[in-house]
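Below you'll find the structure, written out as structure tokens, and then a few comments.
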Amino acid sequence: MLRASTIDPFATKLSHSSHKLRERRLGCVLSTVFSVPNYPPATEKLDNQLFTTRRMSQVVFDMPAAKSKLPLPVDNFEVKSTTTMTTESTTTHRSFSTEQPLYRLDGSNGQACILLQVDALITVKYRTKFGEDQEASIYVPNDATVTGNCNNENTVTMSLKWKAFVLLWRFAKTPGGERWYVEKIQLTYNSSDRHFEHIEQPNKTIKVSTDQKHSYMLFPTPVGKSYACDDETEIPLTDGKNHASVLLRNMKLQPFKFKNNEFAAEFSCTSLSARGVRDETAPVAVGSTLAAAVLLTITGYAGYRYFKVKKVKYDTME
């Protein structure tokens, strides 16, 4: 009993020490397992590289760049589309002549007497002091000054004036008053204008007009209607020595207006060859004169024969 009591304390201490030793070992193991290791800088850098690689693979910088490029063609397309629409819109306006300049001359009552809507280009031929033949092209400006006279019932005039140029239009009615037409177009210009470089004869006032030797009715149109022509019409102008021309495009024209300030119903240039018809007044006058001369000749010859035959009969009877 004494030996057992003596051994028990030693065994107890030994057991207690073994228990503490196991706890320490367990603690070391647990601390080793759950502790965060202190990596060296190279390892941390490698981890960062791996982490960056993973972000790049997730975000994919190439793909967002490609996606960001997708809106660019859309923007370009929108810009091109806007430009195209603007161009088409402009082309549509020109086709309906809404951009053509409108020249208007009012009468004494304040209402429009003559309306002219046209895109006009004047070409003047001239000779330089070097002996060369040149051509100068001048557009009739939109802001040309409009003057004229509408006091006559059967003849009216309108002039477009700008800088060194004056373009005159004279309108008349046919003898029956059924149609109106352009009787004359005349261009007056100064040869010292800047358009005529090195001109041979400067400081001269030159007037060229439609050919007066061959009388034509230009653009004959029923009274009360407007003349309309989308085609180009070139009118030659001359004074016998100097030559020019006026090119008329997308034209609408109406003189002798008295009701309102707008164009009346259109008379197309394709109707009955409306661009130009020879004036029949002169041929009729010449024909009438010739007929009268023939009639007088026949009458005179008949009188001559009558008296001649009568005299011969009297001589025979004697």
Side-chain angles (χ1 to χ4, degrees), residues 101 103 105 114 116 118-149 152 154-172 174 180-220 227 229 231-251 253 255 269 273-286 289:
Y103 307 102
L105 177 65
I114 303 174
L116 170 62
V118 67
D119 181 13
L121 175 65
I122 294 173
T123 302
V124 178
K125 298 180 179 180
Y126 68 97
R127 178 175 289 270
T128 68
K129 58 186 178 181
F130 306 112
E132 300 175 347
D133 293 328
Q134 297 289 342
E135 289 186 355
S137 297
I138 306 100
Y139 280 98
V140 178
N142 298 3
D143 57 351
T145 302
V146 180
T147 59
N149 189 341
N152 195 304
N154 296 318
T155 303
V156 294
T157 60
M158 179 176 68
S159 296
L160 307 179
K161 299 180 180 181
W162 74 98
K163 296 183 179 179
F165 299 89
V166 179
L167 185 64
L168 178 140
W169 299 66
R170 186 164 70 194
F171 305 90
T174 55
W180 64 261
Y181 62 96
V182 177
E183 185 179 39
K184 181 180 182 180
I185 298 179
Q186 177 180 283
L187 174 66
T188 304
Y189 63 93
N190 191 304
S191 61
S192 294
D193 185 76
R194 62 180 182 84
H195 290 90
F196 311 117
E197 296 182 355
H198 310 294
I199 193 168
E200 183 180 22
Q201 297 180 343
N203 301 319
K204 284 194 174 184
T205 300
I206 300 174
K207 294 183 179 181
V208 291
S209 62
T210 49
D211 191 357
Q212 298 300 304
K213 294 181 180 180
H214 302 87
S215 182
Y216 281 87
M217 294 189 298
L218 292 173
F219 320 128
Y227 175 85
C229 193
D231 298 335
E232 294 183 350
T233 304
E234 185 173 8
I235 308 299
L237 308 174
T238 184
D239 62 355
K241 180 180 179 181
N242 300 286
H243 301 275
S245 65
V246 55
L247 183 65
L248 307 173
R249 297 177 289 198
N250 298 326
M251 184 174 69
L253 175 64
C269 59
S273 301
R275 292 189 181 183
V277 177
R278 177 178 288 275
D279 188 355
E280 298 298 335
T281 303
V284 169
V286 172
T289 303

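Positions are given from 1 along the sequence.
Residues Phe219 and Thr233 approach most closely at CE2-CG2, 4.1 Å, considering heavy atoms. Closest heavy-atom contact between Pro220 and Tyr181: CA-CB, 4.0 Å. The two residues Glu197 and Tyr126 come nearest to each other via the heavy atoms N-OH, 3.3 Å. Smallest separation of non-hydrogen atoms from Ser191 and Gln201: OG-O, 2.8 Å. Closest of all the heavy-atom pairs between Glu183 and Thr210 is O-OG1, 4.3 Å. Heavy atoms only, all atoms of each residue included: Val156 and Pro255 are closest at CG2-CB, 4.1 Å.
Screening Asp119, Ile122, Leu121 for a side-chain contact (heavy atoms from CB on, under 4.5 Å) involving Val140 leaves a single residue, Ile122. Just one of Asn142, Leu167, Asp143 meets the side-chain contact (heavy atoms from CB on, under 4.5 Å) condition when paired with Trp162; it is Leu167.
Taken from CE in Met158 to CG in Leu253, the straight-line distance is 7.0 Å, to the nearest 0.5 Å. For the atom pair OG1 (Thr157) and CD (Gln186), the distance works out to 11.0 Å, reported to the nearest 0.5 Å. Separation of atoms CG (Asp231) and CE (Met251) is listed at 11.0 Å; rounding is to 0.5 Å. Distance CD1/Ile206 to CG/Leu187: 9.5 Å, rounded to 0.5 Å. Rounding to the nearest 0.5 angstrom, the gap separating the CG atom in Leu218 from the CZ atom in Arg170 is 12.0 Å. Within the model, atoms NZ of Lys129 and CD of Glu200 stand 11.0 Å from one another, a figure rounded to the nearest 0.5 Å.
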**Message:** Between Asp193 and Ile138, does the side chain to side chain contact (heavy atoms under 4.5 Å, CB included) criterion hold? Intermediate values first, please.
**Reply:** CA-CA 11 Å; Asp193 185 76; Ile138 306 100; 5.5 Å; no
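With sequence neighbours excluded, the residues forming a salt bridge (charged side-chain N to carboxylate O under 4.0 Å, His left out) with Asp133 are Arg127, listed by chain and number. Val166 is linked by a side chain to side chain contact (heavy atoms under 4.5 Å, CB included) to Ser159, Lys161, Thr188, counting only residues two or more places apart in sequence or in another chain. For Glu234, the side chain to side chain contact (heavy atoms under 4.5 Å, CB included) partners two or more places apart in sequence, or in a different chain, are Ser245, Leu247.
Between Thr147 and Leu105, the closest side-chain pair of non-hydrogen atoms is not below 4.5 Å. Between Lys163 and Arg194 the shortest side-chain heavy-atom distance falls below 4.5 Å. The shortest distance between side-chain heavy atoms of Ile114 and Val146 does not fall below 4.5 Å.
The aromatic rings of Phe196 and Tyr189 sit tilted relative to each other, their planes meeting at an angle between 30° and 60°.
Counting only N and O atoms by type, the side chains of Ser192 and Asn203 include a donor and acceptor under 3.5 Å apart.
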